Amino acid sequence: MEENLKRLNKFIAETGFCSRREADKLIEEGRVTINGVVPEMGTKVSPDDEIRVDGKLIVEKHEKMIYLAFNKPTGIECTTNLEVRNNIVDYINYPKRIFPIGRLDKASEGLIFMTNDGDIVNKILRARNNHEKEYTVTVNKPITDRFIQRMGNGVPILDTVTKKCKVEQISKYTFKIILTQGLNRQIRRMAEYLGYEVTALKRIRIINISLDVPVGRYRDLTDAEIKELNQLIEPSSKTEEASLPKVESPKPASNRRTTFISKHDPRFKKRGDN
């Protein structure tokens, strides 16, 4: 019986209702019920349970999943909140419920995936997976070798230092950058720290998928692209435990030296002594 159980957030995501992250928020807000009872986070459900969100029955879907490559225009918000003006869902107006994988700033344009597969959203968004995202960026003044070098070696923003990344100058004002992390407005903040202002930013690749549709248009990912994408993210675990930080194993005892001090030794102090 246990093998038929799955976490509530995963169940909701697999129905295509929303992403697993959004499902967690719904559960936290008490908007989800299992057989009429508001559950705790981490609760597991079976195929026989009745799951409702805001009173609406949520059922498992067995239809083909949707995977779109969308070229987002500037001015469009990457949110599923239909109350937000110029939201991405209304803009695309797709006949079935879909949501974006990750975000792209309102002022930026370029490639973003849209899907109803909450499980793949969960895997792609994990920072530990180091999935590449490639951008072309235009700034407000001539680019120098020093700027390229410092962008690539890491910049202190948001109480951290960005990971080293590949940066290449394309023209006097434009460069290409490949990131494996996704801090808030990362490229803009990095450039600003170095005294530059980003005037245009376009994402041209996510992992193995390159942008090849006009602004404002989308296309279905091919079966071959989806297969390759799944292979590239396969090392990533689908479980919640995979998001926990990796704990380093202690060094072997043979490499450590332990010295015992007698309680009569003047170096010995009771807990609380100064």
Side-chain angles (χ1 to χ4, degrees), residues 3-24 47 58-72 76 78 80 88-89 91-104 108-136 163 165-166 176-182 202-244 246:
E3 62 187 26
N4 291 327
L5 299 180
K6 65 178 64 175
R7 286 183 179 270
L8 178 58
N9 61 351
K10 177 179 172 65
F11 174 89
I12 295 173
E14 288 181 350
T15 67
F17 186 85
C18 63
S19 70
R20 195 181 296 192
R21 214 174 261 184
E22 291 173 321
D24 283 334
I58 303 299
V59 296
E60 286 188 281
K61 290 184 178 180
H62 302 287
E63 62 185 355
K64 185 178 180 181
M65 290 296 180
I66 300 163
Y67 304 96
L68 305 180
F70 173 53
N71 189 346
K72 185 191 87 68
I76 299 300
C78 290
T80 56
I88 195 168
V89 176
Y91 183 90
I92 292 183
N93 195 27
Y94 197 77
K96 295 183 180 179
R97 184 184 179 92
I98 55 174
F99 39 85
I101 300 181
R103 296 183 58 83
L104 193 57
S108 303
E109 69 174 83
L111 181 62
I112 187 164
F113 294 152
M114 301 291 293
T115 186
N116 60 349
D117 182 356
D119 199 41
I120 199 170
V121 174
N122 192 55
K123 293 180 72 176
I124 290 178
L125 291 185
R126 291 191 187 283
R128 283 181 57 191
N129 294 340
N130 295 323
H131 302 320
E132 288 189 348
K133 300 182 184 70
E134 185 174 348
Y135 304 79
T136 57
K163 291 182 179 180
C165 58
K166 300 175 184 177
K176 180 170 65 177
I177 183 169
I178 300 175
L179 300 181
T180 56
Q181 65 182 145
K202 184 175 186 177
R203 185 157 64 197
I204 59 174
R205 178 173 64 87
I206 301 174
I207 312 178
N208 65 311
I209 311 298
S210 296
L211 184 64
D212 59 0
V213 292
V215 176
R217 303 290 295 274
Y218 63 81
R219 69 168 176 85
D220 291 294
L221 297 187
T222 66
D223 290 341
E225 286 173 329
I226 296 169
K227 181 179 180 180
E228 183 181 7
L229 178 61
N230 278 305
Q231 288 174 341
L232 291 170
I233 63 178
E234 187 56 36
S236 316
S237 173
K238 292 184 180 181
T239 63
E240 282 75 9
E241 287 77 7
S243 62
L244 297 176
K246 187 175 183 180

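As the structure is a computational prediction, the values presented were derived from the model and not from experiment.
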[atom2] on [Y] to [atom1] on [X], rounded to 0.5 Å:
{"X": "Leu211", "Y": "Asn71", "atom1": "CG", "atom2": "CG", "value": "4.5 Å"}
{"X": "Ile124", "Y": "Phe113", "atom1": "CD1", "atom2": "CZ", "value": "6.0 Å"}
{"X": "Lys202", "Y": "Lys176", "atom1": "NZ", "atom2": "NZ", "value": "13.5 Å"}
{"X": "Arg219", "Y": "Asp212", "atom1": "CZ", "atom2": "CG", "value": "4.0 Å"}
{"X": "Ile233", "Y": "Ile120", "atom1": "CD1", "atom2": "CD1", "value": "4.0 Å"}
{"X": "Phe70", "Y": "Ile101", "atom1": "CZ", "atom2": "CD1", "value": "14.0 Å"}

| field | Criterion side chain to side chain contact (heavy atoms under 4.5 Å, CB included) on Ile112 and Cys78, from CA distance to verdict | value | CA-CA 9 Å; Ile112 187 164; Cys78 290; 3.5 Å; yes
Show your working on side chain to side chain contact (heavy atoms under 4.5 Å, CB included) between Asn208 and Gln231 and close with a plain yes or no.
CA-CA 10 Å; Asn208 65 311; Gln231 288 174 341; over 6 Å; no
Distance-minimising heavy-atom pair for Ala69 and Leu221: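 Heavy-atom minimum between the residues: CB-CD2, 3.7 Å.
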| Leu111 to Ser210 - nearest heavy-atom pair and separation |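 Scanning both residues completely, I find the closest heavy atoms to be CD2-C, 4.3 Å.
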With sequence neighbours left out, write down each residue that passes side chain to side chain contact (heavy atoms under 4.5 Å, CB included) with [X], or none if nothing qualifies.
{"X": "Glu132", "value": "Lys166, Ile178, Thr180, Arg205"}
{"X": "Ala13", "value": "Arg20"}
{"X": "Tyr94", "value": "Ile66, Leu68, Ile92, Lys96, Ile98, Tyr218, Asp220"}

So, applying side chain to side chain donor-acceptor pair (under 3.5 Å) with Tyr67, which one of Asn116, Thr115, Asp223, Asp117 is it?
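Of Asn116, Thr115, Asp223, Asp117, side chain to side chain donor-acceptor pair (under 3.5 Å) with Tyr67 is met by Asp117 alone.
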Expected output: side-chain Lys72 to main-chain Ile76 donor-acceptor under 3.5 Å
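Confirmed, Lys72 side chain pairs with Ile76 backbone.
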Is a side-chain donor or acceptor of Lys163 paired with a backbone partner of Leu179 at a separation under 3.5 angstrom?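 Not at all, since once roles are kept as given, no pair shorter than 3.5 Å links the two residues.
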Compare all side-chain heavy atoms of Met114 with those of Ile88 and state whether any distance is below 4.5 angstrom.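 When only atoms from C-beta onward are counted, Ile88 and Met114 do touch, with a gap below 4.5 Å.
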